[in-house]
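Here is the structure we will look at, set down as structure tokens.
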Amino acid sequence: VPVGVYDDQNKSYIPFKGSFDGGEKTLTVSIEKDGQHTGGLFANLGDSASVSNVIVAGKVSSELAAGALAGYVGSSSKLKISNCKSIAKVSGTNNVGGLIGVTENYKAANVTSIEIDNCSNESSIESDGVNHGGLVGSSSSTVFTKCSNTGSVNGKYNVGGIAGYSYVSYFTDCKNTSNITATETAGVFFGIVNNKYVADYKGGASGVAGYAQTSFFKRCSNSGAISGVNKSGGIAGTLYWGNMILCENSGSVDVSEDA
């Protein structure tokens, strides 16, 4: 049974807000949830929680959001996850991460409140949906430091080695070494339809973040093979309003369409 509650069906949301130190032990879980519940060792992590030094093995699945460590992480104050690893098989439809399904500041999306430090994923993720990441499926208001992924990640679009979808997030010294694949088009960057500018705010496949908006990358690297339909890259597939400093890609990038 996961720790905490995230139940869309009954509108019941009870986060774990305490401290948990796993003592570098391995916890094996078997968690299967439907489209109304998040899946993970922690279903719901909340304000000021601290989780550290745990390895999660076994299997986790959820159609809403899934991650070996946590399905949902939402905090308006400082929350930290450090020295955690996933070797579990994680699956679902949307918002699937090797470690965490969704991270967000539920009060102020433009303020970083969640720190993920020295965490990693070693298992492959293959799901027929969007927002899939080696560490986090959908990330906002999050700071990633020294995180890594060695498991292959596959999804429709917004697929990344660290985060599938990223908004107001910072990535420092993060790396991916495995294959990342997006199977559907991520649409256009910008276009004109009926004399109006339009944009599809989606990304394809990338070693760090498939889609990134107001996100920043420093000393990040990718050596995995990147494959998508379009809008794919070594560090970010799509980047709106952000920057990259001292980042490096040595992996191949293949797309089947322009852009």
Side-chain angles (χ1 to χ4, degrees), residues 1-22 27-52 54 56-81 84 86 88-116 119 121 123 125-133 135-142 155-159 163-169 201 211:
V1 177
V3 180
V5 175
Y6 194 102
D7 180 352
D8 263 357
Q9 183 175 14
N10 297 302
K11 305 303 178 186
S12 177
Y13 309 104
I14 305 172
F16 174 83
K17 297 183 179 181
S19 296
F20 177 83
D21 187 329
L27 299 180
T28 302
V29 300
S30 180
I31 297 169
E32 296 184 26
K33 295 294 181 180
D34 58 21
Q36 302 295 328
H37 303 79
T38 59
L41 174 63
F42 295 88
N44 189 349
L45 278 175
D47 291 339
S48 303
S50 174
V51 179
S52 60
V54 62
V56 184
K59 60 181 180 178
V60 175
S61 66
S62 168
E63 296 176 14
L64 180 62
L69 184 72
Y72 174 81
V73 176
S75 181
S76 62
S77 56
K78 289 297 182 183
L79 180 155
K80 187 168 185 178
I81 297 168
C84 294
S86 170
K89 178 177 176 56
V90 183
S91 61
T93 304
N94 300 323
N95 305 316
V96 179
L99 202 68
I100 300 166
V102 174
T103 62
E104 68 173 357
N105 182 326
Y106 58 86
K107 286 187 177 180
N110 62 337
V111 177
T112 56
S113 57
I114 298 163
E115 297 179 10
I116 301 178
C119 292
N121 170 63
S123 293
I125 297 170
E126 295 188 27
S127 298
D128 187 23
V130 302
N131 300 344
H132 294 167
L135 268 289
V136 178
S138 176
S139 158
S140 66
S141 309
T142 302
K156 289 182 177 179
Y157 57 84
N158 295 352
V159 187
Y165 173 94
S166 165
Y167 177 70
V168 189
S169 293
Y201 291 100
Y211 174 87

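Just the heavy atoms: all of them, side chains too, but no hydrogens, waters or symmetry mates, feed the values below.
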[X] and [Y]: side-chain donor and acceptor closer than 3.5 Å?
X    : Y    : answer
D8   : Y13  : yes
N158 : N131 : yes
S75  : S113 : no
D47  : Y106 : yes

- Query: Who passes side-chain hydrogen bond (donor to acceptor under 3.5 Å, both in side chains) against D7, sequence neighbours left out?
  - Reply: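 In terms of side-chain hydrogen bond (donor to acceptor under 3.5 Å, both in side chains), with neighbours along the sequence ignored, D7 is linked to N10, H37.
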- Y72: partners by side-chain hydrogen bond (donor to acceptor under 3.5 Å, both in side chains), with sequence neighbours left out: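 Here the qualifying residues are E104.
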Minimum side-chain heavy-atom gap [X]-[Y] below 4.5 Å:
X    : Y    : result
V73  : V136 : no
N105 : V168 : no
Y6   : L64  : yes
L99  : N121 : no

- Query: Under 6.0 Å from the CG atom of D128, do we count more than 12 heavy atoms belonging to anything else shown?
  - Reply: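 At most 12 heavy atoms, drawn from other residues, nucleotides or ligands, come within 6.0 Å of this atom.
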- Could you tell me which non-hydrogen atom of V54 sits nearest to which non-hydrogen atom of G22, and how far apart they are?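 Looking at all heavy atoms of both residues, the closest pair is CB-CA, 4.2 Å.
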- Message: Under the rule for side-chain contact (heavy atoms from CB on, under 4.5 Å), what residues qualify as partners of S50, not counting sequence neighbours?
- Response: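 Once residues adjacent in sequence are excluded, the partners of S50 under the side-chain contact (heavy atoms from CB on, under 4.5 Å) criterion are S19.
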